[in-house]
Amino acid sequence: MYALVDCNNFYVSCERAFQPRLETRPVVVLSNNDGCIVSRSAEAKALGIPMGEPLFKVKPLMEQHGVVALSSNYALYGDMSHRVMSYLASQAPEVEIYSIDEAFLSLHGMERYHGPLDAYARRIRTEVKRRTHIPTCIGLAPTKTLAKLANRVAKKDPSLGGVLLLDSPERRQWALERVAVEDVWGIGRQYATKLHEMGITTAAGLARCSEAVARKHLGGVVGARLVRELQGYPCHKLNPSEDGTLARQTIACTRTFGKPLSQFEDILGAVASFASRAAEKLRRQESAASVLTVFLSQNRFDTTPPPHTRSAQVTLPVASNDTTELIRVARALLGRVWQPGTVYVKAGVVLDGFEKGGNEQLSLFAPDRHERVERLMQKLDSLNSRFGKGSVLVATALGSSTKHAGPWKGQQQHRTPAYTTKWNELWEIG
DNA sequence: TCTGGGGTCCTAGGACCC
DNA sequence: TCTGGGGTCCTAGGACCC
């Protein structure tokens with residue numbers, strides 16, 4: 001049996017954990033640059049504020065109802081996530097951290113130790129709430145897809161008390177009939193449209209599909225597995241996350257600029273900063289990257305069809321996680337995609353082709369340099385973790401401007417303090 | 001005026017090899 | 001000159017997820 005634990009309105013719940021006065025008010029959290037709505041309290045949902053909506057479109061509605069808008073604060077959310085995940089990891093033999101606010105637990109055979117699994121899930125839910133103030137819902141089922149579905153039903157139906165266990169064909173059928181096909185895990189906009197045209201509108205209808213139909217219309221083997229999972233046959237194994245962290249196969253740092261830019265030096269400031277942050281993430285998971293991509297985008301809302309994003313990629317002879325080297329390579333790639341006189345709104349650095357470990361191979365050729373780089377990077381990471389992200393930056397990452405803030409940096413007008421992670425922003429009690 | 005930032009997996013097609 | 005069946009690796013693009 002799998003359990004899917006999903007935090008309700010996670011970012012809003014994190015903010016509420018430190019600001020009880022938000023508890024009774026409609027609250028939303030905004031994306032980078034305060035651009036879009038990325039998390040909503042139940043009250044905000046009830047007002048009809050859609051997920052992902054640009055702020056400027058719903059601003060009048062929000063002002064009318066006194067909705068509190070907060071800039072996103074990922075240091076806080078990451079730390080709260082870690083607390084939730086650490087507790088969950090202590091409650092099941094295997095945990096897969098699926099996203100910042102969701103985890104799959106493997107509970108196979110756990111009845112022996114904990115009794116009925118729905119009661120156990122209720123205890124977990126209560127304890128997460130007590131420890132972190134984060135509300136959750138839990139779905140339990142024989143497959144991951146059904147656990148997701150059970151979670152969704154639990155979230156929508158308050159009478160279930162936040163937990164739903166699907167342990168019989170009757171309960172499974174009951175749940176399948178209550179979920180619209182577009183709300184099934186793995187059914188997005190394209191597939192939903194196609195299924196509706198075929199007259200399939202519920203999860204139950206999808207579960208009755210033949211394998212051939214699933215293969216033909218839902219992306220081949222992916223669709224076939226999806227339908228099997230709805231029928232109760234597991235096709236997706238749990239991928240345990242070791243020591244509470246998730247090792248990525250790709251690391252990207254991309255950002256829309258605070259304002260459109262065209263000068264090479266300005267954009268280089270952004271790209272160098274992204275490369276630097278990507279390298280930090282890389283070292284945190286003890287990887288080195290052998291493929292680096294830099295891309296530049298023009299405004300996709302300006303013309304139809306949208307202008308192309310130009311990218312350049314290089315495969316390094318030796319995988320690296322050295323900030324200075326990755327910045328050097330990123331700069332060269334930027335030179336290949338940047339065109340004078342073009343206005344850009346967004347850039348990104350993507351790392352790929354990971355190898356375990358770091359820079360060992362470098363040491364074969366230049367042992368001294370390797371050790372120096374390693375020590376420097378460790379120092380950099382520890383300073384940044386002590387004094388807050390971005391305290392120590394490699395010179396290029398500061399950009400050409402003499403001002404501390406590069407011209408690419410965006411707005412965060414509604415940001416709350418990093419209550420749990422920055423020394424100068426610690427929560428004051430009383 | 002203002003429109004997020006991450007990720008995953010799969011498939012098809014081309015280049016190249018034996 | 002024509003004939004064949006495997007393979008691998010890489011890239012681009014599409015669909016999905018939170």
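Throughout, a chain's letter reflects where its sequence line sits, starting with A, and its residues are numbered from 1. These figures come from a predicted structure and were not determined experimentally.
Look at A:Y98 and the base of C:dC18; the rings do not stack under the cut-offs of 5.5 Å between centres and 30° between planes.
Regarding contacts with the backbone of B:dT3, every side-chain N or O of A:S31 stays at 4.0 angstrom or more from both OP1 and OP2. Taking side-chain N and O atoms only, A:T250 has no distance below 4.0 Å to OP1 or OP2 of B:dG7. Within the structure, a side-chain polar atom (N or O) of A:Q249 is placed less than 4.0 Å from OP1 or OP2 of B:dC9. Residue A:K259 has no polar side-chain atom (N or O) positioned under 4.0 Å from OP1 or OP2 of B:dC2. For B:dG4, the OP1/OP2 oxygens have a side-chain nitrogen or oxygen of A:R300 closer than 4.0 Å. In terms of phosphate contacts, A:R255 brings a side-chain nitrogen or oxygen within less than 4.0 Å of OP1 or OP2 of B:dG6. Put simply, A:N32 has a side-chain N or O that comes within less than 4.0 Å of OP1 or OP2 on B:dG5. For the OP1/OP2 pair of B:dT3 and a distance below 4.0 Å, the side-chain nitrogens and oxygens of A:K346 include no atom meeting the criterion.
Heavy atoms of A:K194 sit nowhere under 4.0 angstrom from any nucleic acid atom. Looking at heavy-atom distances under 4.0 Å, A:I251 makes contact with sugar-phosphate atoms alone, never a base.
The side chain of A:R225 sits closest to B:dC9 out of B:dG6, B:dT11, B:dC9. The side chain of A:E102 approaches C:dC18 more closely than any other nucleotide in the set C:dC18, B:dG6, B:dT3. For A:Q313, taking side-chain heavy atoms from C-beta onward, the closest of the listed nucleotides B:dC10, C:dT11, B:dG6 is C:dT11. Distances from the side chain of A:K148 to the nucleotides C:dC17, B:dC10, B:dG7 place C:dC17 closest. In the set B:dC2, C:dC16, C:dC18, C:dC16 carries the atom at the smallest distance from any side-chain atom of A:Y191.
Pairing for C:dC18 is with B:dG5, a Watson-Crick or G-U wobble pair whose two hydrogen-bonding atom distances lie under 3.5 Å. For C:dT11, the paired base is B:dA12 (Watson-Crick or G-U wobble, both distances below 3.5 Å).
Of the residues in residues 198-218 of chain A, none has a non-hydrogen atom less than 4.0 angstrom from any atom of DNA chain C.
Each of A:G220 and A:N299 lies near DNA chain B, and the nucleotide nearest A:N299 is the one positioned closer to the 5' end. Each of A:Y11 and A:R248 lies near DNA chain B, and the nucleotide nearest A:Y11 is the one positioned closer to the 5' end.
Centroid-to-centroid, the aromatic rings of A:F104 and A:Y2 stay 6.0 Å apart or farther.
Heavy atoms from other residues, nucleotides or ligands lying under 6.0 Å from NZ of A:K45 number more than 12.
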